[in-house]
*Asks:* 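Would you mind keeping the following structure in view while I ask a few things?
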Amino acid sequence: MEGLAEQARALADGQVTAKELVERSLERIAELDGLGAFRVVCAEAAREAAAEADRRLADGERLPLLGVPVAIKDDTDLAGETTPFGVPGDHLPKTADAELVRRLKAAGAVVVGKTTTCELGLWPFSESPGFGCARNPWNPEHTPGGSSGGSAAAVAAGMVPAAVGSDGAGSIRIPAAWTGLVGIKPQRGRVSGFPHRDPFNGLTVWGPLARSVEDAALLLDVLTGSHPEDVYRLDAPVTPFLEAARTRPRRLKIAVSFRTAFGVSGRLDPQIRAAVERMARRLTDLGHKVFPADPDYGLVVLGLVPRGTAGVADWLDSLPGATPEPRTEMEARIGRTVGRRLLPLARRMDPGLRRRIGRIFQYADVVLTPTTAQLPSKVGAYDGVPYRRTQSGVAAACPYCWTWNVLGWPAVNVPAGLSREGLPIGAQLLGHDSDEATLISLAAELEAVEGWTELRPRVSSPRR
């Protein structure tokens, strides 16, 4: 499937119709239904939106994504559909779109469905007892990651050219790494989470998953903007992110780090280390100054646990008749008893953590790390596993992303090659406060020499 920007250009030039693109997307979703990428497919609504887009295009109207099919994660409200976020319950259809969906539609995008996730976005896999599992197009026996794994699987398998995910501890970057995509976690406040005013107490942000940096930047431009009731609000950048994707970066100072934050251990897969080291050499060849250096993380974990557990408790308590699995209920119980109590302390720690960790930007412009410590786990690897064992397992597999959620700063996953097993590996670019543009520009420069957009999985649909 052509990319987001390519489809938008083809529509504007009259080379294809929205009806044709949406039908192709729906056919691909049906063909690969066994991957479980979608929790619900909005086929009729998408066809109606495509017909309206074609009428508008014929009348000469032009918008950034007019007629282009996209997908959203099932933590995002879409009028007329429920938002279970992986948890069975007495869910009613939403009466209004989330702010980011409003922005997608205002740009002309056609939402074809809502993608599979785990319960309340807790884990780096996209499986739940109530709504099934998403599988990795590169090898359906493996997870595409989580919690935005359905969105990642949909893009990697060519069901849609791009999709929206959310990231509270790596939930965009991890599935991007494990499915060979570009995934952008924007600066906190860049993309509105409304009707959630402060989603997961500042941890969670929404952002794009796409095959190319250009497509991810275009989607981020469309998503960018605040709602008046958002706790965190940012002005739109002076320069569009799409322009950053088309601009070569200056010579940058790039710190390479394999260190994880205090309290998080886990063995780094040698193949992942080798892939990140290769990317560091590639950056050196491109003319950047690359050197080893580690951020000083301090007690950053104390900024994560209260926010995350209290956020799970808040979301679960808002779902009528919810029947979560035991480990989700355990996380919520911790949030009710401890997380909410410690939340004021976590917020007071923020300025000191930003100063401490931000010192690395006194001598570096970007930090390069692995995105994950391990390759994708098998689907079902955590079925029935108790809370503590699940927590320790996923913490060891994915220790590199969550620190930047505590800080609220931007980060980008870029593809870094394939393992011997044929599974994608990701490298992570970490940026300073509100500096998405530098990360996007650098990622685009890497893409030009790495050529990852040409690397596609040969996927067939497993039985569901």
Side-chain angles (χ1 to χ4, degrees), residues 1-7 20-43 46 68-74 109-118 124-127 131-165 171-183 208-212 215-216 219 375-380 413-415 417-419 421-426 452-464:
M1 173 176 280
E2 304 89 347
L4 192 74
E6 189 176 354
Q7 288 195 16
E20 289 169 335
L21 289 181
V22 167
E23 287 298 335
R24 192 194 311 171
S25 176
L26 294 173
E27 289 169 7
R28 184 71 169 166
I29 292 169
E31 175 190 354
L32 299 177
D33 177 64
L35 289 176
F38 283 84
R39 201 273 297 175
V40 63
V41 180
C42 309
V68 181
V70 299
I72 60 173
K73 186 176 175 179
D74 203 24
V110 177
V111 178
V112 297
K114 304 184 73 182
T115 58
T116 304
T117 182
C118 58
F125 49 84
S126 296
E127 305 162 31
F131 298 97
C133 68
R135 296 176 177 271
N136 197 319
W138 291 86
N139 184 335
E141 293 184 2
H142 292 262
T143 181
S147 60
S148 305
S151 288
V155 177
M159 300 178 193
V160 288
V164 180
S171 287
I172 288 172
R173 291 160 287 162
I174 293 165
W178 285 350
T179 59
L181 301 177
V182 175
L209 288 141
R211 200 178 300 278
S212 73
D215 287 350
L219 186 52
L375 298 171
S377 60
K378 290 285 187 73
V379 168
N413 175 79
V414 294
L418 298 177
S419 71
E421 300 86 352
L423 293 167
I425 294 170
W452 61 63
T453 58
E454 303 305 314
L455 201 59
R456 310 286 177 100
R458 287 186 287 181
V459 60
S460 59
S461 183
R463 293 179 181 178
R464 292 199 75 171

*Asks:* Distance check, rounded to the nearest 0.5 Å: T143 atom OG1 versus W178 atom CH2?
*Replies:* 6.5 Å

*Asks:* Compare every heavy atom of P208 with every heavy atom of A216, then report the nearest pair and how far apart it is.
*Replies:* O-CG, 3.3 Å

*Asks:* Would you say the side chain of V70 lies within less than 4.5 Å of the side chain of V164, judging by non-hydrogen atoms?
*Replies:* no

*Asks:* Quick one: does any side-chain atom of R28 pair with a main-chain N or O of A157 as donor and acceptor, under 3.5 Å?
*Replies:* yes

*Asks:* side-chain contact (heavy atoms from CB on, under 4.5 Å) for N413 and I172? Distances and angles first, verdict last.
*Replies:* CA-CA 8 Å; N413 175 79; I172 288 172; over 6 Å; no

*Asks:* Tell me every residue that passes salt bridge (Lys or Arg N to Asp or Glu O under 4.0 Å) with D215, counting only those two or more places apart in sequence or in another chain.
*Replies:* none

*Asks:* Got a second to check how far E127's CD is from S377's OG, nearest 0.5 Å?
*Replies:* 7.0 Å

*Asks:* How far does CG of D74 sit from OG of S148, to the nearest 0.5 angstrom?
*Replies:* 11.0 Å

*Asks:* For the side chain of T117 and the backbone of S147, is there at least one donor-acceptor N/O pair under 3.5 Å apart?
*Replies:* yes

*Asks:* Measuring only between side-chain heavy atoms, which start at C-beta, is P161 closer than 4.5 Å to P69?
*Replies:* yes

*Asks:* Just by modelled atom types, is the M159 backbone N or O under 3.5 Å from a matching donor or acceptor in the S25 side chain?
*Replies:* yes

*Asks:* Checking the side chain of S126 only, and the main-chain atoms of G149 only, is there a donor and an acceptor separated by less than 3.5 Å?
*Replies:* yes

*Asks:* If I take atom CD from residue E27 and atom CD1 from residue I29, how far apart are they, to the nearest 0.5 angstrom?
*Replies:* 10.5 Å

*Asks:* Check whether any side-chain N or O of T116 sits under 3.5 Å from a backbone N or O of G150 as a donor-acceptor pair, and report yes or no.
*Replies:* no

*Asks:* How long is the gap from CD on E23 to CG on L21, to the nearest 0.5 Å?
*Replies:* 10.5 Å

*Asks:* Determine the minimum heavy-atom distance between K114 and K73, stating which atoms define it.
*Replies:* CE-O, 4.0 Å

*Asks:* Counting distance only, does the side-chain N/O of W138 pair as donor-acceptor with the main-chain N or O of T179 below 3.5 Å?
*Replies:* yes

*Asks:* Looking at every non-hydrogen atom in both residues, tell me the closest pair between L4 and A162 and how far apart they are.
*Replies:* CD1-CB, 4.0 Å

*Asks:* Flag the pair V112 / C42 as yes when at least one side-chain heavy-atom distance between them is below 4.5 Å, and no otherwise.
*Replies:* no

*Asks:* Where the side chain of N139 meets the backbone of L423, is there a donor-acceptor pair that is under 3.5 Å apart?
*Replies:* no

*Asks:* For the residue pair L181 and A152, what are the closest heavy atoms and their distance?
*Replies:* CD1-O, 3.5 Å

*Asks:* Looking at every heavy atom in both P415 and V182, which two are closest together, and how far apart are they?
*Replies:* CD-CG2, 4.3 Å

*Asks:* Give a yes or no on whether the backbone of Q7 and the side-chain of E2 come within a donor-acceptor separation of less than 3.5 Å.
*Replies:* no

*Asks:* Between the side chain of R456 and the main-chain N/O of T453, is any donor-acceptor distance below 3.5 Å?
*Replies:* yes

*Asks:* Kindly give the heavy-atom pair with the smallest separation between G180 and P424, and that separation in Å.
*Replies:* N-CB, 3.5 Å

*Asks:* Got a sec, which residues hit side chain to side chain contact (heavy atoms under 4.5 Å, CB included) with A71, two or more places apart in sequence or on another chain?
*Replies:* F38, T115, V160, A163

